[in-house]
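What follows is a short report on a single structure.
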Amino acid sequence: MSPGKPQILFTRSDIEERIGQLGAEIGREYRDKNPLVIGVLKGSFVFMSDLVRRLDFPLEIEFVRLSSYGSGQETCGKVKMLSPLCTPVKDRHVLVVEDIVDTGITLNCLFDILRKEKPASLRLCALLDKPSRRRVPLTIDYLGMTVPDKFLVGYGLDYDEKYRNLPDVCCLED
Ligand code: 5GP
Ligand code: MG
């Protein structure tokens with residue numbers, strides 16, 4: 001793919017408004033639970049930082065870096081945590097924060113790994129969802145926006161490590 005000029009799909013104010021709503025929803029569930037909020041690097045770093053600043057109650061933050069699966073490699077054994085979590089997950093209320101769910105394989109594998117550690121609860125918050133691309137079933141408990149099957153960049157999302165710093169969610173194709 002040779003990328004064209006990024007076209008805005010969701011402006012920073014669209015995103016800000018939606019994150020405010022998500023924050024309120026998450027607050028109703030987690031206010032008294034001291035949740036462990038785990039961001040999936042690198043893509044979620046911008047969303048994570050905006051989201052947690054809308055959560056006005058005690059929580060802890062962790063990040064996880066995952067090895068990605070190659071094309072045609074879609075078993076869970078192919079997705080691994082690149083370093084162990086520094087915070088134990090056992091008996092914690094865990095909220096995983098992801099930038100975008102595509103096939104669902106990455107998060108399905110991460111959830112399998114985390115479930116083995118016996119968290120008190122395990123839920124997912126994703127900014128974006130491309131349901132047309134789903135290959136494995138996955139419940140998104142808190143979702144920002146549903147998007148079409150286009151390649152998106154900005155607001156943490158990259159193309160070849162570029163564009164993560166764009167403040168809006170953009171589309172690279174027409
Ligand atoms: P999945 O395992 O759900 O197929 O993969 C999810 C990961 O693929 C996301 O965390 C993200 O890193 C990457 N991804 C999926 N769709 C897009 C996209 O449109 N743009 C970018 N930059 N990354 C994407
Ligand atoms: Mg990601």
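All residue numbers refer to positions in the sequence shown, counting from 1. In listed order, ligands and their atoms are each counted from 1. Here the structure is a predicted model, which is why all the values come from computation and not from measurement.
- The nearest non-hydrogen atom to atom 23 (N) of ligand 1, considering only Leu172, Val169, Leu157, Val136, comes from Leu157.
- Seen from the Mg ion (ligand 2), atom OE1 on Glu98 and atom OD1 on Asp99 lie at an angle near 60° (rounded to 10 degrees).
- Neither the backbone nor the side chain of Arg133 has any atom closer than 4.0 Å to an atom of ligand 1 (non-hydrogen atoms only).
- Between Glu60 and Arg92 a salt bridge is recorded (basic side-chain N to carboxylate O distance below 4.0 Å).
- The aromatic rings of Tyr30 and His93 stand perpendicular to each other, their planes meeting at an angle above 60°, with 30° marking the opposite boundary.
- Some N or O of Thr106 is nearer than 3.5 Å to an N or O of ligand 1, by distance alone.
- For the pair Asp99 and ligand 1, a heavy-atom separation below 4.0 Å is found.
- Residue Arg135 does not touch ligand 1, judged by heavy-atom distances below 4.0 Å.
- Contact between Phe151 and ligand 1 is present, with at least one heavy atom of the residue lying under 4.0 Å from the ligand.
- By the 4.0 Å heavy-atom criterion, Arg134 is excluded from the residues contacting ligand 1.
- Note: an N/O pair closer than 3.5 Å links Gly104 and ligand 1 by distance alone.
- Nearest to atom 22 (N) of ligand 1 by heavy atom, out of Thr103, Asp158, Asn108, is Asp158.
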